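Contents: one structure, followed by commentary.
Worth saying up front: this structure is predicted, and the values here are computed from it rather than measured. In what follows, every chain begins at residue 1, and chains take the letters A, B, ... in the order their sequences are listed.
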Number of protein chains: 2
Amino acid sequence: MSSSSHPQVLAEESRDPRVVRSRAAILRAAADLLIESGASAVTIGGISERSGVAKTTIYRQWKSRSQLVFDAFESLLAPATHISESGPIRQQLEALLIPLVRGLTSSEWALAVPALVDASERDPEMRQLLRGFLAGRKENGRSTLRAAMARGELRPDLVVDEAVTMLIGPIYYRRLVSGETLDERFVAEIVDQFLRGAARTS
Amino acid sequence: MSSSSHPQVLAEESRDPRVVRSRAAILRAAADLLIESGASAVTIGGISERSGVAKTTIYRQWKSRSQLVFDAFESLLAPATHISESGPIRQQLEALLIPLVRGLTSSEWALAVPALVDASERDPEMRQLLRGFLAGRKENGRSTLRAAMARGELRPDLVVDEAVTMLIGPIYYRRLVSGETLDERFVAEIVDQFLRGAARTS
DNA sequence: GAGTTACGCTACGATACAGTAGCGTAGCGA
DNA sequence: TCGCTACGCTACTGTATCGTAGCGTAACTC
């Protein structure tokens, strides 16, 4: 019963290549619109025109526009890569932050981030999606810090969540708000400043 | 000639109370819409309906919608307050950051910030407005840091712009992106961590 | 091969928005 | 008081969007 009234729930695992193709084309077009013109520009008609998929087909596969925007953003994400957990903490932190900076300055999903940040302000579903995504990405940083604390490289009284915020907050701030320089040298400065206060053997 | 073809340029200093009243009502309604529903929801028809001012009057006073959104945001801002430049640097920094946190968690303009951040992504005029606004607000922090460096309270090799980013970046990050706790205790943690690495007499 | 199903196409009705024109009124300022 | 002007109102044109319905076709599954 639920599968007949909500066929779109199963669309993702559909074996029918027609569904797979149209779904991919729809998500690609939706993601492009999201990147280029923001969340409010992701319209069903626009997706249809751009993807070549009929409007009716889009409505058949998704029951709400916000669900579609959600999926479009998800389709842009690469799976999080795991970082090696050896080496001095300074190198580990740079190995974490430099890809973040690269992503925020050149990846596709980065262009959607401001749109989603704004959409999250008024759309609880979107907020949950975004925060869930970020929480996953942050887990690498948290475990890296915990390990360094256990090894005695960092002060044992660090609050991990706050430390992570201090490391990545300045990066997001420059990307989203101030537009100031965002490069590897800046990452090195952040890490320097952080370790100067957080390292045990300063 | 310029005043007759572009009367809206002078509207701000108009002595005609009719203009003053309608302008205020329009900006109030536009700001409300901006806060409640984002930048793309600020429509002329919506402002007219909400403010009770005729659509034609709005078009008479503003020549573009983005200019109106601009002015609506500006109308929300309180003039920047000047901070006392005495006392230890820790107190000065907290005196700067706590009002920022308060503003970002409870002021009207804070609700418009995510919308403007997103709009800035694709609207150069809006970007310039937002960055100009932030630059003005940051100047307090910059001069405070410079004075403390001159007094010898902070390391003389600090890069002021990067130091400011490290202080306020985490705050904006939590407000815009992660949604984690944002209170005075967090400010104290930021300042602690910053001074642990930046103070001369650590 | 036969039945099923996803698709494209066209055509809706409804709503919302931009932006403009004309006209009469009421408030303002000198 | 009298002229000026900002205003409100109505009525447009034109565009874009939503979401749905019906129908024929082509692709896929078994």
Open item on the list: From CG of Leu68(B) over to C1' of dC17(C), roughly how many Å is that when rounded to an integer?
Closed with: 15 Å
- [ ] Measure the shortest side-chain to side-chain distance between Glu162(A) and Arg174(B) over non-hydrogen atoms and say whether it is less than 4.5 angstrom.
- [x] yes
TODO: Side chain of Arg18(A) only, please: which of dA26(D), dA26(C), dG8(C) is the nearest?
DONE: dA26(D)
Task: Bend angle of the helix from dG1(C)-dC30(D) to dA30(C)-dT1(D), end axes from five pairs each (to 10°) - done: 40°
Open item on the list: Students often get this wrong, so: under 4.0 angstrom with heavy atoms, is Gly46(B) touching a base, only sugar-phosphate, or nothing?
Closed with: nothing
Task: d(CD, Gln61(A); C1', dG19(D)) in whole Å - done: 16 Å
Open item on the list: So for Lys55(B) and dG8(D), does any side-chain atom that can act as donor or acceptor lie under 3.5 Å from a complementary atom in the base?
Closed with: no
Task: Side chain Arg60(B) and base dG8(D) donor-acceptor under 3.5 Å - done: yes
- [ ] Take the protein atom CZ of Arg23(A) and the nucleotide atom P of dC7(C), then report the distance between them rounded to whole Å.
- [x] 11 Å
Task: With sequence neighbours excluded, residues passing ring-ring contact (aromatic ring centres under 6.0 Å, His included) with Phe194(B) - done: none
- [ ] Could you state the atom-to-atom distance from CG of Leu33(B) to P of dA16(C) in whole Å?
- [x] 14 Å
- [ ] Answer with base, sugar-phosphate or nothing: what part of the nucleic acid does Ser22(A) contact at a heavy-atom distance below 4.0 Å?
- [x] sugar-phosphate
- [ ] Starting from C1' on dG29(C), measure out to CG on Asp16(B) and report it in whole angstrom.
- [x] 8 Å
- [ ] Rounded to the nearest angstrom, tell me the gap between atom OH in Tyr59(A) and atom P in dC7(C).
- [x] 16 Å
Open item on the list: Under the side chain to side chain contact (heavy atoms under 4.5 Å, CB included) test against Pro170(B), which residue among Ile168(A), Thr165(A), Val164(A) passes?
Closed with: Thr165(A)
Open item on the list: Nearest whole Å is fine: how far is dT17(D) P from Ile58(A) CD1?
Closed with: 12 Å
- [ ] Nearest whole angstrom, please: distance from the P of dG8(D) to the CZ of Arg21(B).
- [x] 10 Å
TODO: Take atom CD of Gln67(B) as the centre, draw a 6.0 Å sphere, and report whether it contains more than 12 heavy atoms from other residues, nucleotides or ligands.
DONE: yes
Task: Earlier contact from the 5' end, DNA chain C, for Ser64(B) and Val53(A) - done: Val53(A)
- [ ] Counting heavy atoms from C-beta on, name the nucleotide in dC7(D), dA6(C), dG8(D) closest to the side chain of Val19(A).
- [x] dA6(C)
- [ ] Taking the six-membered ring for Trp and the full ring for Phe, Tyr or His, determine whether the centres of Tyr172(B) and Tyr173(A) are under 6.0 Å apart.
- [x] yes
Open item on the list: Any non-hydrogen side-chain atom of Leu68(A) less than 4.5 Å from a side-chain atom of Ile44(A)?
Closed with: yes
Task: Side-chain-base donor-acceptor pair under 3.5 Å for Thr56(A) and dC9(C) - done: yes
TODO: Report yes if at least one side-chain N or O of Thr57(A) is closer than 4.0 Å to OP1 or OP2 of dG8(C); otherwise report no.
DONE: yes
Task: Phe133(B) and Phe73(B): CA distance, side-chain angles, deciding distance, ring pair (Phe, Tyr, Trp, His ring centres under 6.0 Å) verdict - done: CA-CA 10 Å; Phe133(B) 161 64; Phe73(B) 175 65; 5.5 Å; yes
